[in-house]
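Working notes, structure below.
Residue numbers begin at 1 in each chain, while the letters A, B, ... track the order of the sequences. Just so it is clear, the model here is predicted, and its values are computed rather than measured.
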2 protein chains.
Amino acid sequence: MEVSTAAPAHAAPLPVALADGVFPAGCPSRTVLDHITSKWGVLILLALSEGEQRWSELRRRAEGISEKMLAQTLKTLERDGLVSRKAQAVIPPRVDYSLTDRGYELSGLLVPLVAWAFDNADDIVSGQR
Amino acid sequence: MEVSTAAPAHAAPLPVALADGVFPAGCPSRTVLDHITSKWGVLILLALSEGEQRWSELRRRAEGISEKMLAQTLKTLERDGLVSRKAQAVIPPRVDYSLTDRGYELSGLLVPLVAWAFDNADDIVSGQR
DNA sequence: CAGGATCCAATCGGATACTG
DNA sequence: CAGTATCCGATTGGATCCTG
């Protein structure tokens, strides 16, 4: 074997509600968690944490996303009350997306996580094979 | 339209490295992010944040997970150096899983996120239709 | 108990074409 | 510009059976 990191003896207590059995399958929190941790959901929320943006801008920033997935992701996040959509009836059309207060609160938790992934990525990948 | 929450005028600056274009497709950080935000990855990391646990225990706690997914998820997390596996050559076999230091660091960011999802879930779902 | 192997259904998700 | 609609291949993931 190689450089297998030894496990620490720590064991942090979880926030009260999560303490036992993680949380039940099929319960709303699972669904919400899936939405906000989805591949593109994270990236969209992250991009929007920098402020209001248009469809085309989001498409560029969430590099690699298809129109289908962008539409679907935005719709889900909007239904969840995390993203707000403002369309203007002009030609050409203009639609701006931004975070709601709730979405902004969430992004405060998401940003550090993404930053961590970014900072640790090279290190993690280099240990593969 | 209904109770569409108005968007706040806030715009938080992102940690330096993420500032523009989110981060490129195909780069390691995307992969790592996918691992740690995967449906079951989150739940396993969360469960392990409470301390070392056995296969069967993890199966129960990550309610709804199949053996296949448990094995696959654990293997991925182990390869990423987030989870440590310790097998004892006894009969019946006993295998304990725990977080590495790196994994523990990560769980510190993950727990608040999951807690948030848990706390906001009912509120979010009730606004659907 | 802790998995590995296989089969197959369901979903995901990209490419393309079209519209207001 | 900002989407919607459709097709269809690729991937996911569960159920089941098997093993050390």
Side-chain angles (χ1 to χ4, degrees), chain A residues 1 4 7 22 24-26 30-45 47-48 52-80 83-98, chain B residues 1 4 7 22 24-26 30-45 47-48 52-80 83-98:
Chain A
M1 58 191 63
S4 59
V22 187
R30 285 276 186 107
T31 307
V32 170
L33 193 61
D34 283 350
H35 292 176
I36 66 182
T37 62
S38 73
K39 181 180 167 73
W40 299 116
V42 173
L43 258 30
I44 296 299
L45 288 169
L48 287 177
E52 189 169 74
Q53 272 160 87
R54 303 178 62 175
W55 165 280
S56 50
E57 206 170 346
L58 286 172
R59 247 213 110 175
R60 279 187 300 99
R61 307 198 53 146
E63 200 189 310
I65 196 172
S66 66
E67 297 192 343
K68 179 182 174 178
M69 281 301 103
L70 180 53
Q72 194 177 109
T73 304
L74 284 172
K75 218 169 278 183
T76 298
L77 295 177
E78 197 191 348
R79 287 196 47 169
D80 286 349
V83 164
S84 158
R85 188 192 118 113
K86 276 170 295 182
Q88 296 173 46
V90 296
I91 301 215
R94 180 191 177 102
V95 182
D96 290 282
Y97 293 92
S98 55
Chain B
M1 56 192 64
S4 58
V22 187
R30 284 277 187 109
T31 307
V32 170
L33 193 60
D34 283 350
H35 292 177
I36 66 182
T37 62
S38 74
K39 180 180 170 71
W40 299 116
V42 173
L43 258 30
I44 296 298
L45 288 169
L48 287 176
E52 188 170 74
Q53 271 159 88
R54 302 176 63 173
W55 165 280
S56 49
E57 205 170 345
L58 286 173
R59 248 213 109 176
R60 280 187 298 100
R61 308 199 49 146
E63 200 190 309
I65 196 172
S66 67
E67 297 192 344
K68 180 181 174 180
M69 281 302 101
L70 179 54
Q72 195 178 105
T73 304
L74 283 171
K75 216 168 279 181
T76 299
L77 294 177
E78 196 190 349
R79 288 196 46 168
D80 287 348
V83 164
S84 159
R85 189 193 117 112
K86 278 170 296 181
Q88 296 173 47
V90 295
I91 299 208
R94 180 192 175 99
V95 183
D96 290 281
Y97 292 93
S98 55

Please determine, for the side chain of B/W55, which listed nucleotide (D/dG3, D/dG14, C/dA2) has the closest atom? C/dA2

Please tell me which of the listed nucleotides, C/dA2, C/dG13, D/dC1, lies nearest to the side chain of B/P93? C/dA2

Are A/Q53 and A/D96 packed together at the side-chain level, in the sense that at least one heavy-atom pair is separated by less than 4.5 angstrom? no

Can you find a pair of side-chain heavy atoms, one from B/Q72 and one from B/E67, that are under 4.5 Å apart? no

Taking only the side-chain nitrogens and oxygens of [X], find out if one of them lies under 4.0 Å from OP1 or OP2 of [N].
X     : N     : value
A/S56 : D/dA2 : yes
B/K68 : C/dT6 : no
B/Y97 : C/dG3 : yes
B/K75 : C/dG4 : yes
A/R54 : D/dG3 : no

How is A/R85 classified with respect to the nucleic acid when contacts are heavy atoms under 4.0 Å: base, sugar-phosphate, or nothing?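 The answer is sugar-phosphate, as A/R85 gets under 4.0 Å only of primed atoms, P, OP1 or OP2.
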
Please figure out whether B/V95 or A/Q72 has its closest DNA chain C nucleotide nearer the 5' end. B/V95

Heavy atoms only: give me the nearest B/S66-B/R59 pair and the separation to one decimal.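 Between these two residues, the closest heavy atoms are CA-NH2, 3.9 Å.
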
